[in-house]
Amino acid sequence: MIVPAGGEVRVHDLVLTAIEVREEQYDHKPGHGDVLAATLHVRAAGSPAPSSQDMAGQSDALVRVRSDAGAEGTMWRHFRFVVTGGDRNAIVLAVTPVSTAGSLGGTSLKLAADQGTGTAAGLAFTVLEVVEKFLNDGNTMMRVRLHVRRAGTPAPPADEMLKQQDSLVTLTSDPGSDTATWNGFRIDYLGGWRTEVELRIVPPAK
């Protein structure tokens, strides 16, 4: 699928708009090829297109992709975006739906970002912090801090939760730090951004 710089394309009931497409030069790093990077605005097909200025301000609808991300690409909600080619005039993408949590043997859970609580797979979660960090390269990263406990365990006050280091789990939207383990459970951060935290919980193998 080819998305021209400044253009839009429909795929999987989504409409992608390439707000920015750029080539990053790495001539100063031997063995490091040039990198193609793009910022995409994603909306549901059929929804009205906001102005370019409004698109740039909707951080929860922005996907930043890079050719050096490899086959892992960039995750946004339940879709994977992989750069397969292009140049500064257009970017070539593969956009694929990601298998649901159930097919992976896990349980999905959505929590409100403002001290949301919920249970899944025998665990109880409380959202303690959701922070959007702006990086030097212009990208953003979400960081989420959770209090985790066995389901049915009374939730302590928030200030006590912060003191219970063994029950705290921190995840980010960056590949590599978007997964953590707690007492044998795998906890994956799937997204949600400012208003929501979406997780996948996979219990220990039996």
Side-chain angles (χ1 to χ4, degrees), residues 1-26 32-104 108 110-113 130-144 171-178 188-200:
M1 178 189 60
I2 301 174
V3 188
E8 67 178 40
V9 171
R10 176 171 173 168
V11 58
H12 298 302
D13 293 326
L14 302 175
V15 176
L16 313 181
T17 302
I19 298 176
E20 179 191 27
V21 178
R22 69 181 187 276
E23 291 177 329
E24 298 178 356
Q25 306 293 326
Y26 284 88
H32 195 306
D34 295 343
V35 173
L36 186 64
T39 300
L40 308 171
H41 179 274
V42 185
R43 68 181 191 276
S47 61
S51 67
S52 297
Q53 183 177 359
D54 288 342
M55 285 185 183
Q58 295 174 355
S59 61
D60 57 343
L62 298 181
V63 180
R64 292 177 171 86
V65 296
R66 296 174 59 86
S67 59
D68 58 355
E72 290 298 315
T74 301
M75 290 292 300
W76 182 84
R77 299 190 180 177
H78 298 297
F79 294 89
R80 186 186 307 278
F81 295 74
V82 177
V83 177
T84 59
D87 55 30
R88 69 184 63 185
N89 297 312
I91 191 162
V92 184
L93 292 171
V95 181
T96 55
V98 178
S99 300
T100 61
S103 66
L104 294 173
S108 60
K110 291 184 178 180
L111 303 169
V130 177
V131 176
E132 182 177 15
K133 295 176 67 67
F134 291 85
L135 307 178
N136 293 333
D137 60 4
N139 292 329
T140 61
M141 177 191 75
M142 300 303 298
R143 186 184 70 221
V144 177
L171 301 165
T172 81
S173 57
D174 271 4
S177 58
D178 56 352
D188 298 332
Y189 177 53
L190 302 182
W193 300 95
R194 294 178 180 177
T195 60
E196 189 177 65
V197 175
E198 186 173 358
L199 304 172
R200 177 174 59 228

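Model, not experiment: these values are computed from the prediction. Residue indices begin at 1 and follow the sequence shown.
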Inset, instruction - Check whether any side-chain heavy atom of L93 sits under 4.5 Å from a side-chain heavy atom of V9, and report yes or no. - result: no
Legend entry - Smallest separation among heavy atoms of V15 and A45, with atom names: CG2-CA, 3.7 Å
Inset, instruction - For L62, enumerate each residue passing the side chain to side chain contact (heavy atoms under 4.5 Å, CB included) test, keeping only those at least two apart in sequence or located in another chain. - result: I19, T39, H41, R64
Inset, instruction - Could you tell me which residues satisfy salt bridge (Lys or Arg N to Asp or Glu O under 4.0 Å) with E20, sequence neighbours excluded, listed by chain and number? - result: R22
Inset, instruction - Answer whether the closest heavy-atom distance between the side chains of I2 and I91 falls below 4.5 Å. - result: no
Legend entry - D60: partners by side chain to side chain contact (heavy atoms under 4.5 Å, CB included), with sequence neighbours left out: Q58, W193
Legend entry - Closest heavy-atom pair and its distance - A18, P4: CB-O, 3.4 Å
Legend entry - Those residues that, when tested against V42, pass side chain to side chain contact (heavy atoms under 4.5 Å, CB included) (two or more places apart): L14, L16, V63, W76, F81
Inset, instruction - State, with a plain yes or no, whether a side-chain heavy atom of T172 is found less than 4.5 Å away from one of Y189. - result: no
Inset, instruction - With sequence neighbours excluded, give me every salt bridge (charged side-chain N to carboxylate O under 4.0 Å, His left out) pair touching residues 82-96. - result: E23-R88
Inset, instruction - Measure the spacing between CD of E198 and CG of L190 and express it to the nearest 0.5 Å. - result: 5.0 Å
Inset, instruction - Give the intermediate values and the outcome of side-chain contact (heavy atoms from CB on, under 4.5 Å) for residues L199 and V144. - result: CA-CA 11 Å; L199 304 172; V144 177; 5.7 Å; no
Legend entry - salt bridge (Lys or Arg N to Asp or Glu O under 4.0 Å) against E8, all qualifying residues, sequence neighbours excluded: R43
Legend entry - Contact summary for V21 and A38, nearest pair of heavy atoms: CG2-CB, 4.1 Å
Legend entry - Within residues 44-57 or reaching into it, pairs that qualify as side-chain hydrogen bond (donor to acceptor under 3.5 Å, both in side chains) - sequence neighbours excluded: S51-D54
Legend entry - For R80, side-chain hydrogen bond (donor to acceptor under 3.5 Å, both in side chains) partners two or more places apart: none
Inset, instruction - Taking all heavy atoms of G86 and all of L36, pick out the closest pair and write down the distance. - result: C-CD2, 3.6 Å
